[in-house]
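Reckoned from all heavy atoms, side chains included, excluding hydrogens, waters and symmetry mates.
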Amino acid sequence: MNPERIVLGRFTLEHRRIEVYQLAGGSTSSVRLRRIAPEPAVDLGYINRIGSPFARLHLYRAEWPTALRRVAKEKATAIWHHAARHEAEVEG
């Protein structure tokens, strides 16, 4: 049985539409990236220790140039920060 994916947000990177998500019950300091367009959807990789100076983007297959990796990491981190702030507001 696959754990539930909790979608934090999406962003566009060049021709790709990328979803940022976490797994239910998993670490809140890591996010996963999945390309949802163009089809077929494919897992791209993950960022561990997100929000810390040690955060690093790990890609499964894609060989992206350094600048593209940096943009993907920045966009995913911004989505993660937004979700964390929103959750804190909801939990009060």
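For the pairing with R32, the side-chain contact (heavy atoms from CB on, under 4.5 Å) check across L23, L44, L8 returns one residue only, L23.
No continuous path of hydrophobic side-chain contacts links I36 to W64 [ILVMFWY only; heavy atoms under 4.5 Å].
In summary, the side chains of R49 and S29 do not present any donor paired with an acceptor at a separation below 3.5 Å, with no hydrogens or angles considered.
No more than 12 heavy atoms of other residues, nucleotides or ligands shown are found within 6.0 angstrom of CZ on F54.
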Quick one, R17 with R10, criterion side-chain contact (heavy atoms from CB on, under 4.5 Å). Give me CA distance, side-chain angles, the key distance, then yes/no. CA-CA 7 Å; R17 189 75 179 140; R10 296 180 176 95; 3.5 Å; yes
CA sep, side-chain torsions, deciding dist, call: L68, R16, side-chain contact (heavy atoms from CB on, under 4.5 Å): CA-CA 12 Å; L68 198 59; R16 306 164 191 88; 3.9 Å; yes
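At least one side-chain heavy atom of L57 sits less than 4.5 Å from a side-chain heavy atom of L33. A 4.5 Å side-chain heavy-atom check between Q22 and S30 finds every atom pair outside the cut-off. Using a 4.5 Å cut-off on side-chain heavy atoms (C-beta onward), R34 and V42 make no contact. Between V20 and W80 there is no side-chain heavy-atom pair separated by less than 4.5 Å.
Of all heavy-atom pairs between A55 and I47, the closest is CB-CG2, 4.0 Å.
Listed by chain and residue number, D43 satisfy the side chain to side chain donor-acceptor pair (under 3.5 Å) test with Y21 (two or more places apart in sequence, or in another chain). Residues that satisfy the salt bridge (charged side-chain N to carboxylate O under 4.0 Å, His left out) test with R5, not counting sequence neighbours, are E19.
Ring geometry for H58 versus Y46: interplanar angle under 30°, hence parallel rather than tilted (30 to 60°).
Sorted by first and then second residue, the salt bridge (Lys or Arg N to Asp or Glu O under 4.0 Å) pairs with a member in residues 68-83 form an empty list; sequence neighbours excluded.
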